[in-house]
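Everything on this sheet refers to the single structure shown next.
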Amino acid sequence: MEKAVRFEGKVDRGWLVAGALVALLCAVSFIPTFVFATRGGDSDWLVFAIVGGACAAVLIALEAFLLAPFWRSYVELRDEGMLVAFGVRTRVLDYRFVTGVRPKRDALITGGWAGSLQGVMVENDVEDFMVSVRDEGRFVSELARRCPRIAR
């Protein structure tokens with residue numbers, strides 16, 4: 001029984017910038033709501049308060065989506081398979097189904113399991129998906145060692 005090996009996820013700075021901008025917009029959208037509340041319910045500000053509150057709710061949901069990779073982003077190679085954790089989602093893939101790995105260096109994110117536009121495409125019998133880890137070389141060599149179907 002081998003010890004599990006964890007590879008921390010790689011997250012592009014663009015996610016952080018986008019998250020900060022959404023947080024700023026969210027704060028600004030609450031201003032009409034605060035003005036409405038502090039003016040004793042002045043009816044002139046009611047429409048702005050409703051629109052501001054609705055915008056804030058949408059922006060908070062968007063913020064949660066943008067910051068999901070920061071909550072949890074890693075790949076763990078265990079005895080029973082490869083565990084991929086990305087935000088609130090988790091997936092376990094049996095090594096028997098992995099058919100190959102290759103670098104992915106373009107702007108198309110495939111599979112939705114990566115916080116970066118550069119990563120490793122894990123090819124398998126079920127569904128190919130991309131993961132982004134900080135130490136790609138070590139990840140690929142450790143995965144190849146555990147997966148009998150990967151060509152060496």
Side-chain angles (χ1 to χ4, degrees), residues 1-35 48-152:
M1 195 175 242
E2 290 186 61
K3 181 180 175 186
V5 181
R6 180 180 280 209
F7 297 90
E8 292 301 320
K10 176 174 58 175
V11 179
D12 286 341
R13 290 185 185 167
W15 285 100
L16 182 58
V17 171
L21 288 174
V22 169
L24 179 65
L25 287 173
C26 184
V28 169
S29 68
F30 268 120
I31 291 173
T33 307
F34 289 132
V35 170
F48 294 113
I50 292 171
V51 171
C55 288
V58 169
L59 290 170
I60 288 170
L62 180 62
E63 182 78 6
F65 171 75
L66 288 174
L67 295 180
F70 295 106
W71 296 330
R72 211 172 53 137
S73 178
Y74 65 88
V75 177
E76 197 169 271
L77 301 180
R78 301 175 171 181
D79 284 340
E80 63 273 9
M82 177 174 60
L83 176 123
V84 181
F86 185 70
V88 296
R89 302 183 325 168
T90 303
R91 175 182 190 167
V92 178
L93 180 66
D94 192 313
Y95 296 125
R96 293 176 297 161
F97 300 118
V98 177
T99 58
V101 291
R102 61 182 165 81
K104 181 144 176 74
R105 302 282 185 256
D106 58 30
L108 298 175
I109 296 178
T110 306
W113 293 86
S116 176
L117 296 178
Q118 297 183 353
V120 177
M121 182 63 72
V122 178
E123 300 166 342
N124 61 78
D125 293 336
V126 181
E127 172 190 20
D128 295 350
F129 62 95
M130 184 175 125
V131 296
S132 295
V133 292
R134 291 183 184 156
D135 189 354
E136 289 181 14
R138 194 171 134 246
F139 170 74
V140 170
S141 64
E142 181 68 22
L143 184 63
R145 191 178 68 74
R146 293 173 184 245
C147 296
R149 292 177 61 187
I150 291 180
R152 296 174 203 249

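In this text, all values refer to a predicted model and were calculated from it rather than measured experimentally.
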Report the distance from atom [atom1] of [X] to atom [atom2] of [Y], rounding to the nearest 0.5 Å.
X: Glu136; Y: Ser141; atom1: CD; atom2: OG; result: 12.0 Å
X: Asn124; Y: Asp94; atom1: CG; atom2: CG; result: 10.5 Å
X: Asp135; Y: Glu8; atom1: CG; atom2: CD; result: 11.5 Å
X: Arg102; Y: Met130; atom1: CZ; atom2: CE; result: 10.5 Å

Exercise for the section: Under the side-chain contact (heavy atoms from CB on, under 4.5 Å) rule, collect the residues that match up with Leu21, sequence neighbours excluded. Expected result: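 In terms of side-chain contact (heavy atoms from CB on, under 4.5 Å), with neighbours along the sequence ignored, Leu21 is linked to Val17.
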Practice task
Could you walk me through whether Leu77 and Tyr95 pass the side chain to side chain contact (heavy atoms under 4.5 Å, CB included) test, one step at a time?
Solution key: CA-CA 9 Å; Leu77 301 180; Tyr95 296 125; 3.4 Å; yes
Exercise for the section: Without swapping roles, check the side chain of Asp79 against the backbone of Glu2 for a donor-acceptor pair under 3.5 Å. Expected result: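 Yes, Asp79 side chain to Glu2 backbone: donor-acceptor pair under 3.5 Å.
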Handout entry: Test item: Arg146 and Val5 side chains (from C-beta on) under 4.5 Å apart, heavy atoms
Key =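 In contact.
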Practice task
Taking all non-hydrogen atoms of both residues into account, name the closest pair between Gly119 and Ser132 and its distance.
Solution key: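 Closest approach of Gly119 to Ser132: CA-OG, 4.0 Å.
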Practice task
For side chain to side chain contact (heavy atoms under 4.5 Å, CB included), just list the numbers for Met82 and Val122, CA-CA rounded to whole Å, side-chain angles, deciding distance to a tenth of an Å, and then say yes or no.
Solution key: CA-CA 11 Å; Met82 177 174 60; Val122 178; 3.8 Å; yes
Completion exercise
Only residue of Val133, Val84, Leu83 satisfying side-chain contact (heavy atoms from CB on, under 4.5 Å) with Tyr74 is Leu83
Exercise for the section: Please test Arg134 against Phe7 for side chain to side chain contact (heavy atoms under 4.5 Å, CB included), starting from the C-alpha separation and ending with a verdict. Expected result: CA-CA 7 Å; Arg134 291 183 184 156; Phe7 297 90; over 6 Å; no
